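Proteins come first, then strands; the chains are lettered A, B, ... in the order of their sequence lines, and each starts at number 1. Given the structure is predicted, the values throughout are model-derived calculations rather than measurements.
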Number of protein chains: 2
Amino acid sequence: MTKKLISAPLPTLKRLPRYLHILQDLKAKGIKQVSATIIAEELGIDSIQVRKDLSTTGIIGKPKIGFELNELIDHIVHFLNWDNMTDAFLVGLGGLGKAILGYDNFKNYGLNIVAAFDTDPELLDTKVHCVGVFDIKKLEDLAQRMKIHIGVLTVPVSAAQEVAEKMVAGGIKAIWNFAPVKLKLPDNIIIENVFLSQSLGVLTHRLAQLKNTEA
Amino acid sequence: MTKKLISAPLPTLKRLPRYLHILQDLKAKGIKQVSATIIAEELGIDSIQVRKDLSTTGIIGKPKIGFELNELIDHIVHFLNWDNMTDAFLVGLGGLGKAILGYDNFKNYGLNIVAAFDTDPELLDTKVHCVGVFDIKKLEDLAQRMKIHIGVLTVPVSAAQEVAEKMVAGGIKAIWNFAPVKLKLPDNIIIENVFLSQSLGVLTHRLAQLKNTEA
DNA sequence: TTTATATCGATAATTTTTTATCGATAAATA
DNA sequence: TATTTATCGATAAAAAATTATCGATATAAA
């Protein structure tokens, strides 16, 4: 029997960051306490679900009152491990890679991109959004020496598998993958895909449906 | 009491674009027929699920053989309405907005961004990635006149609600929202959110878990 | 021609996720 | 102080999604 892991169903995990957005909003307004009901109303979802999600993370509230806002925020932040800044490498300085580098909000999400890699000679040894750019050949060695565990993959599809393998060779344990391709890596590597086509497909399909029913 | 418009479960809808990636890969290799088993293996999921997803879209295959590759591709593309290019506006030319404009692959996903909007005077009346940039004040009027139905929202959180309302006023029916905020719009507006924090939260949580069990 | 095999589609079972119910409790109010 | 109220957390029910089973069928092999 393995140690009891504090885990959560995937749908719950995905809702937590949204709760956090709401909570930080409320905090900015000077509010001190919050109930599952309020969060649920704000997001247009069921309050029972919010309560269940929160209890999954282990926090306990008070009847009639709800939760201490600060405590709840800290709790979720900790649960997502966003209170521990993790250093990461980003590979692929196309439009998306640059955009991610420029979005320094990720620091609030525990992600600290400390170096970027590309093959474009124009970019090498420059800085993009204050982050140094290196030749992709140095990736493996640097990742090992700096004990980097997260890789952000924003290269074209054609290069994705190869670069991902280099990341793994460098000791990277988790890959945030933006290339629309299935990476084939050892089972113990955590892969989190962002496939914009999925989201766009939902949208275009629904829009077509809407037009069908209207017509 | 909203009418039910969704013709496929959301999880199915989200898997279809992934199937398409695989299928187009196979097509490029000259393959003519494909079975659910092959798609499933390629993605590391269950073949029964693939078969079920495909049958949800209405296509029929042959025992022992599977599906005609071209027919299957066309079928999914049509189901997602990606065979009908839909014109769209993009608002917010920060890093992400520019990156999306630059990624002309979206044309394969039925999305044709025909104009962009921002408030930055530097950008007005220029072109970014061959797309004209206009003052956000013109959004509503232009959307109406050009009968635009999709809006891509890449503005900062602080502006998102306001801009979204302008889109709706201009007749836009579906919003692809990249701002990490819950938009409050009429029920008949289709909203598809891309919250990177969700995906990142899953990744950082899992990585922390992994380290816990190793320790 | 007969047998073996891979896959389909339909139906059923299982698992996961969401939603409902209800007693307990902390605060507000009468 | 007693009553009312909003919310919690636990448990149960319902709904949704995934996975399993099985007969039918098209091709390949014996």
What nitrogen or oxygen pairs link the protein and nucleotides 18-26 of chain D at under 3.5 Å?
from: D:dT18; atom 1: OP1; to: B:Arg15; atom 2: NH1; distance (Å): 2.9
from: D:dT18; atom 1: OP2; to: B:Arg15; atom 2: NH2; distance (Å): 3.0
from: D:dT18; atom 1: OP2; to: B:Gln49; atom 2: NE2; distance (Å): 3.3
from: D:dT18; atom 1: O5'; to: B:Gln49; atom 2: NE2; distance (Å): 3.1
from: D:dT19; atom 1: O4; to: B:Lys52; atom 2: NZ; distance (Å): 3.4

| request: By nearest nucleotide on DNA chain C, pick out whichever of A:Pro9 and B:Phe67 is the more 5' one. | output: B:Phe67
| field | salt bridge (charged side-chain N to carboxylate O under 4.0 Å, His left out) partners of residues 161-172 of chain A, not counting sequence neighbours, each pair once | value | A:Glu162-A:Lys166
Rounded to whole Å, please give me the gap between [atom1] in [X] and [atom2] in [N].
{"X": "A:Lys14", "N": "C:dT17", "atom1": "NZ", "atom2": "C1'", "answer": "14 Å"}
{"X": "A:Ile60", "N": "C:dT25", "atom1": "CD1", "atom2": "P", "answer": "14 Å"}
{"X": "B:Glu41", "N": "C:dT7", "atom1": "CD", "atom2": "P", "answer": "8 Å"}

| message | Counting only heavy atoms from other residues, nucleotides and ligands, does the tally under 6.0 Å from NZ of B:Lys107 exceed 12? | response | no
| A:Leu90 and A:Gly97: which non-hydrogen atoms are nearest, and at how many Å? |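 Taking every non-hydrogen atom into account, CD1-O, 3.8 Å.
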| said: Quick check against the 3.5 Å criterion: does A:His129 have a side-chain atom that pairs as donor or acceptor with the backbone of A:Leu101? | reply: no
| request: Using a 4.0 Å heavy-atom cut-off across all strands, classify A:Thr37 as base, sugar-phosphate, or nothing. | output: sugar-phosphate
| said: What contact category does A:Ser55 fall into here, base, sugar-phosphate, or nothing, at under 4.0 angstrom with non-hydrogen atoms? | reply: nothing
| query | Hey, are A:Lys184 and B:Glu42 close enough for a salt bridge, meaning a charged N less than 4.0 Å from a carboxylate O? | reply |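 The answer is yes: the pair qualifies as a salt bridge.
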Show me the donor-acceptor pairs, under 3.5 Å and distance only, between side chains in residues 61-70 of chain B and residues at least two apart or in other chains.
from: B:Glu68; atom 1: OE2; to: B:Gln33; atom 2: NE2; distance (Å): 3.1
from: B:Asn70; atom 1: OD1; to: B:Lys27; atom 2: NZ; distance (Å): 3.2

